[in-house]
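Structure first, commentary second.
In the text below, chain A, chain B and the rest are named by the order of the sequence lines, each starting its count at 1. Not measured: the values here are computed from a predicted model.
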Protein chains: 2
Amino acid sequence: MLKSPNFELKNMSTISTENYLKKIFNHNKVFGEKINAVKLAQELSVSNAAISDMAKKLSKHGLISYEKYKGIELTDKGEQMALNVIRRHRLWELFLIKVLNMPWSEVHEQAEVLEHHTSEKLIDRIDEFLGYPDFDPHGHPIPRKNGSLPDAQYYISLAEAVEGSSYELMQVDDHEKKLISYLTKVGFVLNTRFVVIDKLDFDKSYTIKFNDTVLSVSQKISESLYLKEIIEAGEKNG
Amino acid sequence: MLKSPNFELKNMSTISTENYLKKIFNHNKVFGEKINAVKLAQELSVSNAAISDMAKKLSKHGLISYEKYKGIELTDKGEQMALNVIRRHRLWELFLIKVLNMPWSEVHEQAEVLEHHTSEKLIDRIDEFLGYPDFDPHGHPIPRKNGSLPDAQYYISLAEAVEGSSYELMQVDDHEKKLISYLTKVGFVLNTRFVVIDKLDFDKSYTIKFNDTVLSVSQKISESLYLKEIIEAGEKNG
DNA sequence: ATATTTTTTTAAGTATGCTTAATTTCTAAA
DNA sequence: TTTAGAAATTAAGCATACTTAAAAAAATAT
């Protein structure tokens, strides 16, 4: 019996494909629309030709649907794979920070590697060890084993904060290693409580105070910091 | 200025090269002699042609010294790299078993992957978390950060055990996933204490008793189990 | 010393996932 | 509706790490 020509439609899970799926998923999550091919190329730092190649392969395997000049979207199957990679990434991040005490600034990069090299059995152990957490250290929801996603946490960004109010730092956009290093250096870490002292109209920067530190935060940075308002005892509104 | 032709003598650490170095190191450690190319090909399940290619590359990078028809040996540089991979492997094994409670039977395989994807900073954290251990769950020494190797532990194998004496199971040869599954299933796990009840000359099998289980162990298996003799209080010999 | 066998190398080919350059296809604006 | 420009594809090439088949080199046996 002759082997049919394209017989090989099996695994299709490589580091590259996992990264494509993740990016496609995230763009859709953040912007609510399908990503277009040129944008995807930029995001992944590859050429348009590479996207063209890979899109063909992912389509063939039923992981994306791609209408040219329109954009790229995950199929259900592709979305499940993306959620799985994201699950591994976020569980590793939490584990590296909470259990192994790795510095924030190194965690993202290492999780970016480990997410592609972790068996389901191992990630389940980590999940169990952490007590089946719903959120990673950035406040992002961790996809569950069954593929469902906990409801997102809604935080405001510092750019929306109000002078005089108190907040707790809940979440920092990752992918910006330098930002996290900087914040760590000045002592402005996750779960730090602070007061907004001033908002300068001039450059849209914020002056905040935590512990005994007064810090000026630029507009750009303020947009990457997510907060929960602290309601002081006594001022609970009913 | 023209680029010189083979300008690229930099990193040279890939999954493949790490596995070559590990095998070369281990053969030398176990047999006390350099491995020959054909043997290495068998061990790595690749063709002789692949060895020929790779040996050239590893030599060029100063990681091995290779005299054809004689054998392959690590240089100091190559040995340091090998020790580093082995360090990562053994620390991961211990971590997966002790901290994450992974079953023995899955640990070797997963460590085999993670050893190639772990930054120095991460492995140092794991080392610290475990309290800078000297031995992995098989009783093998864990290379230290500085490249030194703790003194080996000398255990006897069950095949050398004496009828009537008490022992503790200290070490099991890995690479034999099925053996480890079997031992776990029958409850004969690491650190189990047992008595040798009988040694059958007939087939060189052993009958041992631990907890309330009596187990017959074939000659083949007995050679893969390593023991420490238990000296009962009172029978200390001076 | 010669023949046989084993070891080793070379040559050509494969798959993945990229690259650049050239070309084609489609959109959108005049 | 034509056309300029953007988007997408194709073609050829690269690196890694393999493969098989054939050729060459060295070791061993007679």
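Using a cut-off of 4.0 Å between Lys/Arg side-chain N and Asp/Glu carboxylate O, A/Arg125 and A/Glu128 are scored as salt-bridged. Salt bridge status for A/Lys22 with A/Glu115: present, with a side-chain N to carboxylate O gap under 4.0 Å. With respect to the salt-bridge test (charged N to carboxylate O, under 4.0 angstrom), the residues B/Glu33 and B/Lys39 do not qualify. Look at A/Arg144 and A/Asp127 and you find no salt bridge, because none of the NZ, NE, NH1 or NH2 atoms lies under 4.0 Å from a carboxylate O. A salt bridge links A/Asp124 with A/Arg87: at least one charged nitrogen is closer than 4.0 Å to a carboxylate oxygen.
Taking atom NE2 of residue A/His116 and atom C1' of nucleotide C/dT16, one finds them 16 Å apart after rounding to whole Å. Look at CD on A/Glu18: it is 15 Å from C1' on C/dT16, rounded to the nearest Å. The distance between atom CG of A/Leu40 and atom P of C/dG17, rounded to the nearest whole Å, is 14 Å. Atoms NE2 (A/His61) and C1' (C/dT16) sit 12 Å apart, rounded to a whole Å. The separation between A/Glu67 atom CD and D/dA7 atom P is 17 Å, rounded to whole Å. D/dA25 atom C1' lies 16 Å from atom CG of B/Asn36, rounded to whole Å.
Proximity of B/Thr14 to the phosphate of D/dT16: no side-chain N or O atom is located under 4.0 Å from OP1 or OP2. Listed pair B/Tyr20 / D/dC18 meets the phosphate criterion, a side-chain N or O lying under 4.0 Å from OP1 or OP2.
Less than 4.0 Å separates DNA chain D from at least one heavy atom of each of the following residues of residues 41-59 of chain A: A/Asn48, A/Ala49, A/Ser52, A/Lys56.
No more than 12 heavy-atom neighbours from other residues, nucleotides or ligands sit within 6.0 angstrom of CG on B/Asp76.
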Under-3.5 Å N/O pairs linking protein and nucleotides 26-30 of chain D:
from   : atom 1 : to      : atom 2 : distance (Å)
D/dA26 : O4'    : B/Tyr69 : OH     : 3.4

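Residue pairs meeting the ring pair (Phe, Tyr, Trp, His ring centres under 6.0 Å) criterion with at least one partner in residues 28-48 of chain A, sequence neighbours excluded, are A/His27-A/Phe31.
Ring pair B/His117/A/His116: centre-to-centre distance not below 6.0 Å.
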Can you check side-chain hydrogen bond (donor to acceptor under 3.5 Å, both in side chains) on A/Ser119 and B/Gln110, steps first, answer last?
-> CA-CA 7 Å; A/Ser119 70; B/Gln110 180 68 67; 2.8 Å; yes

